[in-house]
Protein chains: 2
Amino acid sequence: MERNQTDFVILGILAIHPDQSGYEIRKTVQQSVGFFWGESFGQIYPALKRLLANGLIVARKPASGAKATRQEYSITPAGRLRLQEWLAVPFRDDPPRDEFLLKLFFASDAGPGVALKQVAKFMENNRQLLATLEELQKLGATRSSHYAGFPYWMLTLDYGVRHLRMTLEWSQNAVVVLKALESPEKQEGRRKHV
Amino acid sequence: MERNQTDFVILGILAIHPDQSGYEIRKTVQQSVGFFWGESFGQIYPALKRLLANGLIVARKPASGAKATRQEYSITPAGRLRLQEWLAVPFRDDPPRDEFLLKLFFASDAGPGVALKQVAKFMENNRQLLATLEELQKLGATRSSHYAGFPYWMLTLDYGVRHLRMTLEWSQNAVVVLKALESPEKQEGRRKHV
DNA sequence: ACACACATGTAATTGGTTACATGATTTC
DNA sequence: GAAATCATGTAACCAATTACATGTGTGT
């Protein structure tokens, strides 16, 4: 019960910025919480209908000039209340399923070479994402936004940046460990061939 | 395609330690990869039947003396091959959905008090888990295990420990930020009431 | 003319949890 | 004899992705 998080993502996004279409909501989600949350159209459109039926959002044909097919949504007072209610419910932390760690855990069956490839991809992914988030952070710092949500957004961004930096530090060490496993000799800080 | 990760978790676990029942496999999963992966019975039992039908594992009634109802499974050579194959496929990193961060991101609608409560729970959870993982790490260090998988297990453990330490550092800062938002005055390192 | 982004939706499938249902064995 | 743990499984439901299907508007 109370498990349909898509609804709340939409409410949250519309609470920050109203008059968005389903298409736009998805883009906003990707650009704001995308580094720790994803939503697909297959979930967004049905969710919008649900929210509409429950009076938590309202639909409006956009002002003339915009596309005729487009539907814009805004949050209602009831929707805002629902959102606030949900915010106060303790989050549940189920273990996030991490496929990378899973493969690494079992990797001895395939050897260090395979593990090193996975780690390399992991590093590359994280380096790129880190660059993006640091860019966002810099932008935020200069703009010193006046939105009420701003400090909260920056906290999550900071979390992301710290997380990615940690993964890169860890990766460097992992590479050293795996390379040592790769070469048959033990290289305990000494030359090869003992 | 190739998305049924439960199958591979089971194969991986049985590759490390054979002759386990479905019940036992689940426990092993919890105790080994539990901090980044979970499996429920509702998935394990059907998966075992699937794997059995495909010849990737074999079933055996346990030696006399054990429970009659119990079924023990082991990985077959075909299963091991399948596992190795999967290990070499690049992992996919979809953004892990983090409900805690999501609530924090939208928390301005509910205020710093609500956010602080969520952060407090987050810290508490992570402190506990960190203690458990550090315990495991210490145990691993003394035993200096001879299993081939050992270095890989330690890498994932190290990841967990680093991650949790990072979350606690971040949390401390988050609490400071949120407390500052809570009190109406700006406390820029100066006295209140300007 | 073509490509790309905007825009909305449904259907099929898979993935996954939770609840239900049952029963044996061990420990107190 | 009661409670906890071991043990297996199914059914109902919910969550989520992916593929399918369709069409408009904008820019080159």
Side-chain angles (χ1 to χ4, degrees), chain A residues 1-10 13 19-31 33-34 36-53 57 59-73 86 92-99 102, chain B residues 1-10 13 19-31 33-34 36-53 57 59-73 86 92-99 102:
Chain A
M1 61 272 320
E2 234 41 298
R3 310 271 295 59
N4 201 332
Q5 295 149 322
T6 301
D7 288 13
F8 298 106
V9 175
I10 293 174
I13 294 292
D19 296 315
Q20 289 185 87
S21 66
Y23 189 90
E24 245 176 336
I25 288 170
R26 201 214 172 193
K27 237 177 74 180
T28 308
V29 167
Q30 285 176 335
Q31 288 168 359
V33 296
F36 62 82
W37 201 272
E39 292 293 348
S40 61
F41 289 130
Q43 266 182 282
I44 287 178
Y45 287 115
L48 285 169
K49 294 203 158 173
R50 225 179 8 247
L51 292 167
L52 202 56
I57 60 175
R60 200 201 331 160
K61 287 261 182 315
S64 60
K67 298 192 189 183
T69 53
R70 181 185 159 105
Q71 274 289 320
E72 285 178 359
Y73 300 93
W86 173 76
R92 38 180 279 167
D93 64 340
D94 9 42
R97 300 179 134 213
D98 190 319
E99 197 182 310
L102 192 64
Chain B
M1 61 272 321
E2 236 39 300
R3 308 271 295 59
N4 202 333
Q5 295 148 322
T6 301
D7 287 13
F8 298 106
V9 175
I10 293 174
I13 294 291
D19 296 316
Q20 290 186 87
S21 67
Y23 188 90
E24 246 176 333
I25 288 170
R26 199 212 176 196
K27 237 176 75 179
T28 308
V29 168
Q30 285 175 336
Q31 288 166 0
V33 296
F36 62 81
W37 201 271
E39 292 292 348
S40 62
F41 288 129
Q43 266 182 281
I44 287 178
Y45 286 115
L48 285 169
K49 294 203 159 175
R50 228 181 3 248
L51 292 167
L52 201 57
I57 60 175
R60 199 199 334 160
K61 287 259 182 317
S64 61
K67 297 190 189 184
T69 52
R70 181 186 160 104
Q71 274 290 321
E72 286 178 357
Y73 300 93
W86 173 77
R92 38 179 279 167
D93 64 339
D94 9 43
R97 300 179 133 214
D98 189 321
E99 197 182 311
L102 193 65

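Chain letters run A, B, ... following the sequence lines, proteins first, then strands; residues in each count from 1. Reckoned from all heavy atoms, side chains included, excluding hydrogens, waters and symmetry mates.
The shortest distance between the side-chain N/O atoms of B/Ser21 and the OP1/OP2 oxygens of D/dT8 is below 4.0 Å. One finds a side-chain N or O of A/Ser40 lying less than 4.0 angstrom from the OP1 or OP2 phosphate oxygen of D/dT17. The shortest distance between the side-chain N/O atoms of B/Asn4 and the OP1/OP2 oxygens of C/dG15 is below 4.0 Å. B/Tyr23 has a side-chain polar atom (N or O) that falls below the 4.0 Å cut-off from OP1 or OP2 of D/dC6. Taking only side-chain nitrogens and oxygens, B/Gln71 never comes nearer than 4.0 Å to OP1 or OP2 of D/dA7. The phosphate of D/dC6 has OP1 or OP2 within less than 4.0 Å of a side-chain N or O from B/Lys27. Contact check, A/Arg92 against C/dT18: a side-chain N or O comes under 4.0 Å of OP1 or OP2. Within the 4.0 Å cut-off from OP1 or OP2 of C/dT10, at least one side-chain nitrogen or oxygen of A/Lys49 is found.
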Practice item. Starting from the C-alpha separation in whole Å, work towards a yes-or-no answer on salt bridge (Lys or Arg N to Asp or Glu O under 4.0 Å) for A/Lys27 and A/Glu39. Key: CA-CA 9 Å; A/Lys27 237 177 74 180; A/Glu39 292 293 348; over 6 Å; no

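Of the residues near DNA chain D, B/Arg97 and B/Gly22, the one whose nearest nucleotide (by heavy atom distance) lies more toward the 5' end is B/Gly22. Both A/Trp37 and B/Tyr45 lie near DNA chain D, and the one whose nearest nucleotide falls closer to the 5' end is B/Tyr45.
Interatomic distance, CG of B/Leu48 versus CD1 of B/Ile57, reported as 5.0 Å (0.5 Å rounding).
The existence of a salt bridge linking B/Arg26 and B/Glu24 is excluded, since no basic side-chain nitrogen approaches an acidic carboxylate oxygen closer than 4.0 Å.
Although no hydrogens or angles enter the test, the distance criterion places no donor-acceptor pair under 3.5 Å between the side chain of B/Arg97 and the main chain of A/Phe36.
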